[in-house]
Peer 1: 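Quick one: this structure, given as structure tokens, is what I'll be asking you about.
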Amino acid sequence: MLPSKKSAQIMCTLLFTFTTTSLWASSLADVPRPRGVSLSKATLYKPRSDDSWLCLDGSKTLKFVQINDDYCDCADGSDEPGTAACAEGTFHCANRGHRPQDVPSSRVNDGICDCCDGSDEYLAEGMCANTCIELGKVEQEQRKSQAEIYKKGAAKRTEMVERGKQLKAEREKRRTELDARRQEQESLKAEKELLKKQAEAAETEAINFFKEQQKEMDDVAAANAPIVDDSFRTEATASFMRYDLNKDGYIEISELQQDLQLDRDRNGVISEEEARYFLDERERIDLEAFITLSWPRIKTMQMIAQGLFTPPEGEEHNDEVSELLNEEQRGDQKAEEDHVQDQQFEGDEEEEEEEVYEDEDIGAGSVEAEKSPEVEYDPDTQHFINMANEARNALSEIERAVREIEHEIKEIDDQNAKDYGPNDEYATLEGECYNFEEREYVYKLCPFERASQQPRSGGSEITLGRWDQWLHEGENKYGKQKYAHGASCWNGPQRSVVVVLKCALDSRITGVSEPNRCEYYFDFETPAACDEEAFAAAEQRFKDEL
Ligand code: MAN
């Protein structure tokens, strides 16, 4: 703007000033200052000796009379505290009798009463009634009852402080105890580890020895088996050769019909049916099948025919004898020709079998040992295994004890890392949970742990956040808590909660809101927030401002 134009504007403004209303606020306060300037800033609005004035941001020097000339000169809007000329400016309402207030200067003379003293609408005299005294009284009452609550709550808070300190001391004591116990258990663990190592070495040695013995026994059994098999095979093969009259490598019905020893019903003829019995109901049989299927039956008949064996009555007895011979084939070497010997053999076998049973059991055990723990060891080996098991158990018990101690230490360390307020007054809230029911959800806050939301219609609980930190804002460093990293919002951020704390006689949630999707606010009252000193300081600041 050209200087001439600016001068003309100043003239107009001054004229307007003198004819309508003063842009000076001397009538409103003891200290004369331009309209819209707070008492605390009054000294900044003094003319220099040459009647000039520097914008508060230092950007420009003006004539002092240019202040509140309804023309914005300073970048920070500081030259127009009492008009709406500057977009950046603020208008200060003194609001005597109530609390002073700063409103954006755009609201000055806009036809809406913003200040309770009506000072923002000074051009429309009488439009805004001064309600400050009234409001002041109401607020005064509120402050009085607030002071009462603080007073009573402070007593509860003192208890909470004491309990918080006590909890801290208990934690420290427990931590020291746990450290000592951990050391103790660690050295015990080292001892048990050594014992386990020794016991396991002895166990391995014993099991290896046991296995070697088993192997030796298996080897002996294996060495003996072929002798028996071989003699059985040799005898059967020789017999096969004798029966195979046409030398075609098969024994047929007609070939067996030549041997009268096979006349089972002793009628002097070997019927096809009789012959087929010895061929395992087949037409013909080769050498291998003959050895395993025919020979045990044929040999039985031969023994009967030669009077070497007297079967009890009935065919099935022949089968029993065949079975006996089959056993022979499996290695029962004492199934000899003589029936008496046979009986003798049976008696011996019982003894032998007992031994073999034990041996077999151990043998089978050693094979089993590879597969399952249910091996039956001999008492000596089992003793070493038991000792090793005991040593292993003793070590796992110590290891479990150490883990438990470490877990508890971690819990204590986690708690020690938390800030329970300036005097540990919030510590007692940990471990408690508070619910708040609204139309759709039941909200839950477990201080210093977690906040959640459960739909009332059913459905699973949603974590809104886990303990994160205090939001130290302004004078009140312990006014808000943040719970972060909750369940992710659909196509959005992780849920989080800000808990706004207020002094009251009981701890409870008084309201929940979700101003932005998945960002929640909990209003939480607690005596822990009844810091009388902080309240008194706030009161003093308020009074100072008045
Ligand atoms: C759930 C609740 C609401 C949230 C939506 C977002 O319904 O957690 O609070 O706004 O998810 O999708």
Side-chain angles (χ1 to χ4, degrees), residues 103-104 114 142 145-146 149-150 153 156-157 160 163-164 167 407 410-422 424-531 534-535 538:
V103 297
D114 292 286
Q142 282 171 349
S145 66
Q146 189 74 353
I149 292 172
Y150 264 83
K156 288 199 174 190
R157 178 175 171 273
M160 291 172 93
R163 183 74 191 122
L167 285 172
H407 178 75
K410 189 180 175 301
E411 269 182 354
I412 292 181
D413 287 351
D414 284 350
Q415 283 183 313
N416 281 342
K418 286 179 191 167
D419 178 353
Y420 292 112
D424 293 306
E425 57 271 63
Y426 289 91
T428 57
L429 298 182
E430 190 172 35
E432 306 285 339
C433 290
Y434 303 88
N435 280 1
F436 181 79
E437 292 191 20
E438 51 103 273
R439 199 171 44 84
E440 235 184 305
Y441 300 103
V442 177
Y443 288 90
K444 183 149 97 179
L445 174 69
C446 305
F448 298 97
E449 281 163 11
R450 171 173 181 266
S452 63
Q453 175 196 54
Q454 172 122 41
R456 293 183 73 151
S457 55
S460 52
E461 198 180 49
I462 301 168
T463 299
L464 301 183
R466 298 182 190 287
W467 165 250
D468 187 33
Q469 57 176 310
W470 289 96
L471 295 177
H472 298 304
E473 284 174 359
E475 299 286 339
N476 190 359
K477 296 222 170 298
Y478 290 89
K480 285 179 186 167
Q481 292 185 335
K482 173 109 190 213
Y483 292 76
H485 311 298
S488 289
C489 199
W490 175 252
N491 274 344
Q494 281 184 291
R495 288 174 174 78
S496 64
V497 180
V498 170
V499 176
V500 182
L501 298 157
K502 203 175 149 212
C503 160
L505 301 183
D506 294 303
S507 296
R508 65 191 181 111
I509 303 174
T510 56
V512 172
S513 58
E514 189 184 347
N516 297 312
R517 204 167 136 258
C518 297
E519 285 176 21
Y520 305 83
Y521 272 81
F522 285 17
D523 291 315
F524 187 71
E525 292 186 345
T526 172
C530 301
D531 183 344
F535 179 71

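Counting convention: from 1, in listed order, for ligands and their atoms alike.
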Peer 1: Out of all atoms in ligand 1, which are within 4.0 Å of some heavy atom of Arg517? Include the element for each.
Peer 2: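 What qualifies from ligand 1 is 6 (C), 10 (O), 12 (O).
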Peer 1: For atom 7 (O) of ligand 1, what is the closest protein heavy atom, and at what distance to 0.1 Å?
Peer 2: Tyr441 OH, 3.0 Å
Peer 1: So between Gln453, Glu519, Glu514, whose heavy atom ends up nearest atom 4 (C) of ligand 1?
Peer 2: Glu514
Peer 1: Give the atom numbers and elements of ligand 1 that come within less than 4.0 Å of a heavy atom of Arg495.
Peer 2: 1 (C), 2 (C), 5 (C), 6 (C), 8 (O), 11 (O)
Peer 1: Decide whether Tyr478 and Asp419 meet the rule of one side-chain donor and one side-chain acceptor closer than 3.5 Å.
Peer 2: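 Yes, a side-chain donor-acceptor pair sits under 3.5 Å.
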Peer 1: Give the atom numbers and elements of ligand 1 that come within less than 4.0 Å of a heavy atom of Cys518.
Peer 2: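 Every atom of ligand 1 under 4.0 Å from some heavy atom of Cys518: 6 (C).
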Peer 1: What are the atoms of ligand 1, with element, lying closer than 4.0 Å to any heavy atom of Tyr520?
Peer 2: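 Numbered from 1, ligand 1 contributes 2 (C), 3 (C), 4 (C), 8 (O), 9 (O).
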Peer 1: Scan the side chains in residues 448-458 for donor-acceptor partners under 3.5 Å anywhere in the protein, sequence neighbours excluded, and list what turns up.
Peer 2:
from	atom 1	to	atom 2	distance (Å)
Arg450	NE	Thr463	OG1	3.3
Arg450	NH1	Glu461	OE1	3.3
Arg450	NH2	Glu461	OE1	3.2
Arg450	NH2	Thr463	OG1	2.9
Ser452	OG	Glu461	OE2	3.1
Gln453	NE2	Tyr443	OH	3.2
Gln454	NE2	Gly459	O	2.9
Arg456	NH1	Glu438	O	2.7
Arg456	NH2	Glu437	OE1	3.3

Peer 1: Answer yes or no: is there an ion pair linking Asp523 with Lys502, defined by an N-O contact shorter than 4.0 Å?
Peer 2: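 No.
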Peer 1: Apply ring pair (Phe, Tyr, Trp, His ring centres under 6.0 Å) to the pair Tyr420 and Trp470, showing each step before the final yes or no.
Peer 2: CA-CA 9 Å; Tyr420 292 112; Trp470 289 96; 9.2 Å; no
Peer 1: Just by distance, no angles: are the side chains of Glu432 and Tyr434 close enough, under 3.5 Å, to form a donor-acceptor pair?
Peer 2: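 No, Tyr434 and Glu432 have no side-chain donor paired with an acceptor closer than 3.5 Å.
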